[in-house]
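Below is one structure; the comments refer to it alone.
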Protein chains: 2
Amino acid sequence: MSMGNNYELYKVFYWAAKTGSLSQAAKTLYLTQPSVSHAVKQLEESFGVALFYRNARGVELTQEGAVLFSYIEQSHILITLAEEKMAALKNLESGELRIGGSDSLFKHYLLPYLEHFHEHHPGVKLHLHHGTTPEVITFLKEGRIDLGVVRMPIIDPQLEVKESFQLQDCFVAGARYAELKDAVLSLEELLQHPIILFSRNSRARMTITELFHSYGFSIRPEIEVGSVDLLIEFAKRGLGISYVTREFVSKELEEGALFEVRLNVPLPPSQVGILTKRSMPLSSAAQAFVRLVG
Amino acid sequence: MSMGNNYELYKVFYWAAKTGSLSQAAKTLYLTQPSVSHAVKQLEESFGVALFYRNARGVELTQEGAVLFSYIEQSHILITLAEEKMAALKNLESGELRIGGSDSLFKHYLLPYLEHFHEHHPGVKLHLHHGTTPEVITFLKEGRIDLGVVRMPIIDPQLEVKESFQLQDCFVAGARYAELKDAVLSLEELLQHPIILFSRNSRARMTITELFHSYGFSIRPEIEVGSVDLLIEFAKRGLGISYVTREFVSKELEEGALFEVRLNVPLPPSQVGILTKRSMPLSSAAQAFVRLVG
DNA sequence: TGTTACCCATAGACATGATCTATAGCTCCT
DNA sequence: AGGAGCTATAGATCATGTCTATGGGTAACA
């Protein structure tokens, strides 16, 4: 029936054997000597075997005690390592952080945070999973990532959403459309020009399509691309007017390789949100990262 | 300050992780679910890290919990093995028994016991250390053997002595001395013949020397040998009259290869004793062997 | 869409069992 | 002979582990 001894007894046994003295073990464990004596006795009785022989200088392992010790010592080492590891995890000296998001968000927005985090916690391994918003959400729900970074809005009761950073989408063009540089266009005027949009299932695409609808127009892109880099590249080469996130082209705007095509209607800002799964507690690393970004 | 967690908590953690359910773990450990819940919580608080995420189907390890489990599982396996090993030691399915004694005692007296013991407890390894009585006593005091089997008397307060078996030393001769077969000799008459004795530092040698002294004679052997086998062999070949233990030559006496040379004074019997060190508890194997022999 | 069933968390009462104090015996060392 | 150090034992105490009772949440199913 016994189902094994109380593991705590093995801790006492370990120190008694290690120090060769019940009194010493007691000091090490912040106990009194009779407690240790009693604990050892319990083990001995449970095994029906003497573990120590006692003499005036302390205790010494019997043959059987030495056998037990050879196991318990290993076990004790493992537990000690485990406790150290857990401390390391908590202190972010170890562990891993798995983040899901789009390539462009990683590249243009999260990169400095990731750098900063890695610099301060070099022991924490970073795993970046790129994917579309729905993919990120799936990863998150499956527990394959700790947190997701996506465009808002997300409405999912399973997910905890923390709004983090506001991005502003806008239309940009290159030198080919220089005549638009100082103009303020209406939506109708904009539609005269070839438009380059991100692929159909992106949030930005849905947002802009809806905006045009709300004004009674329908926006049909000339070119449809699958990466933000291509969006930028095509605009720079004059293939059309791209709908991009302004923060992602700040360099090109400064250098003059691109300019913003201003409209006479406001374009809605888009919020970046940090997603976590409600039922899943955050790892220390994830907590720290959320604090950093948020 | 913590000095590590109560090891008992790790047992609970192990089963919670193993079964994926606090309720199941509780059943396994003959506890109630709240106890397990509480124990897990203590660990989580001590580490400052969530170990499980809870859902309607049970619990699942977090990243950190999985790390902890990888250590604790190993540790648990070791403790389980340790407990099994201790049971095996107690049941004499395992372990070792180290006996010290003279070759002749092993060969002529202990052998059947050793065979019997080995047959019944094949898992227990037998280590036989042969040596003289003082050597055996030293081994015993150094803890290098569990018990010693030697001729009595032994007077040593550190040692526990159990008298076991009585042996009778006697003089034997071979065909060459056939004329003595039915005679009853005096000590003086015996000394007319060449005597073969065991080497100087043996108990039998001291005993017989002392006996002759007490009758005013001095016994000086023609031949002095270092093994009982030689003692017998030399007697058989007619090199002299050997002083041997009767029980060790029972075969030769029966076969007629040797006969006993009777004396008109009684030769003292010699007692075999089983020695153990007082301060050292006997291993299960040693206990069993002592019971068998005693 | 209720309903059931199973899971875990929490609060508070309780009792077991670990721990303590006090004491005695032993051995080694001076 | 006396002291210092060790362990064993007995018995009192109290902390901590464990329980009961309860509530809330989620998944499965009708």
Side-chain angles (χ1 to χ4, degrees), chain A residues 2-13 15-46 50-62 65 141-143 156-160 277-281, chain B residues 2-13 15-46 50-62 65 141 156-160 277-281:
Chain A
S2 74
M3 180 71 217
N5 282 304
N6 186 319
Y7 279 14
E8 191 66 0
L9 296 180
Y10 293 121
K11 193 202 285 179
V12 177
F13 169 76
W15 284 109
K18 187 79 179 174
T19 62
S21 153
L22 304 195
S23 310
Q24 273 309 107
K27 274 178 199 146
T28 307
L29 293 163
Y30 303 104
L31 294 176
T32 58
Q33 170 266 316
S35 293
V36 173
S37 184
H38 185 232
V40 168
K41 194 176 187 183
Q42 276 185 73
L43 274 185
E44 289 183 321
E45 281 173 2
S46 84
L51 298 172
F52 294 103
Y53 35 90
R54 283 81 166 158
N55 57 48
R57 273 189 312 286
V59 295
E60 211 167 327
L61 286 168
T62 61
K141 288 185 178 173
E142 286 174 351
D156 189 317
Q158 284 186 56
L159 302 181
E160 174 91 28
K277 196 177 166 194
R278 268 186 208 287
S279 67
M280 188 160 12
Chain B
S2 76
M3 180 71 215
N5 281 303
N6 186 320
Y7 280 14
E8 193 66 1
L9 297 178
Y10 293 121
K11 193 202 283 178
V12 177
F13 169 76
W15 285 108
K18 188 79 178 175
T19 61
S21 153
L22 303 195
S23 312
Q24 274 308 108
K27 275 178 197 143
T28 307
L29 294 163
Y30 303 104
L31 294 176
T32 58
Q33 171 265 315
S35 293
V36 174
S37 185
H38 185 231
V40 168
K41 194 178 187 184
Q42 277 184 72
L43 274 186
E44 289 183 322
E45 281 174 1
S46 85
L51 297 172
F52 293 104
Y53 36 89
R54 284 81 165 158
N55 58 47
R57 273 190 312 286
V59 295
E60 211 167 326
L61 287 168
T62 60
K141 288 185 178 172
D156 191 317
Q158 285 186 54
L159 302 181
E160 173 93 28
K277 196 176 165 193
R278 269 187 207 288
S279 66
M280 189 163 5

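For the numbers below, each heavy atom of this structure counts, side chains included, while hydrogens, waters and symmetry mates do not. Chain naming here is simple, since letters A, B, ... match the order of the sequence lines and numbering starts at 1 in each.
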message: At under 4.0 Å between heavy atoms, how does the protein contact nucleotides 6-13 of chain C? Give one character per nucleotide, 5' to 3', with B, S or -.
response: -SBBB---
statement: Atom CD of Gln42(B) and atom C1' of dT18(D) are separated, to the nearest Å, by 11 Å
Whole-Å distance separating the CG atom of Leu9(B) from the P atom of dT18(D): 9 Å
Interatomic distance, Leu43(A) CG vs dA18(C) P [rounded to whole Å]: 11 Å
Integer-rounded Å distance: dT26(D) C1' and Lys277(A) NZ: 13 Å
- request: Kindly write out the residues that satisfy ring pair (Phe, Tyr, Trp, His ring centres under 6.0 Å) with Tyr10(A), not counting sequence neighbours, or none if the list is empty.
  value: none
task: Identify the two heavy atoms, one from Val59(A) and one from Ser21(A), that lie closest to each other, and give their separation to 0.1 Å.
output: CG2-N, 3.8 Å
query: Within the distance-only criterion (no hydrogens, no angle test), does the side chain of Thr19(A) pair as donor or acceptor with the backbone N or O of Gln24(A) below 3.5 angstrom?
result: no
query: Does OP1 or OP2 of dC20(C) have a side-chain N or O of Ser35(A) closer than 4.0 Å?
result: yes
statement: Taking five pairs at each terminus, the helix from dT1(C)-dA30(D) to dT30(C)-dA1(D) shows an axis bend, to 10°, of 30°
Side chains of residues 32-40 of chain B: which donor-acceptor pairs under 3.5 Å do they make with residues two or more places apart or in other chains?
residue, atom, partner, partner atom, Å
Thr32(B), OG1, Ser35(B), OG, 3.2

- prompt: What's the CG-P distance between Leu31(B) and dT16(D), to the nearest Å?
  reply: 18 Å
task: Nearest whole angstrom, please: distance from the P of dG17(C) to the CD of Glu8(A).
output: 15 Å
message: Please enumerate all residues that pass salt bridge (Lys or Arg N to Asp or Glu O under 4.0 Å) together with Glu44(B), with sequence neighbours excluded.
response: Arg54(B)
task: Could you tell me the separation between the OG1 atom of Thr62(B) and the CZ atom of Phe52(B), rounded to the nearest 0.5 Å?
output: 8.0 Å
- request: For Glu8(B), check side-chain contact (heavy atoms from CB on, under 4.5 Å) against everything at least two apart and list the hits.
  value: Asn6(A), Tyr7(A), Asn6(B), Lys11(B)
field: Spacing of Leu22(A) atom CG and Leu29(A) atom CG [to the nearest 0.5 Å]
entry: 11.0 Å
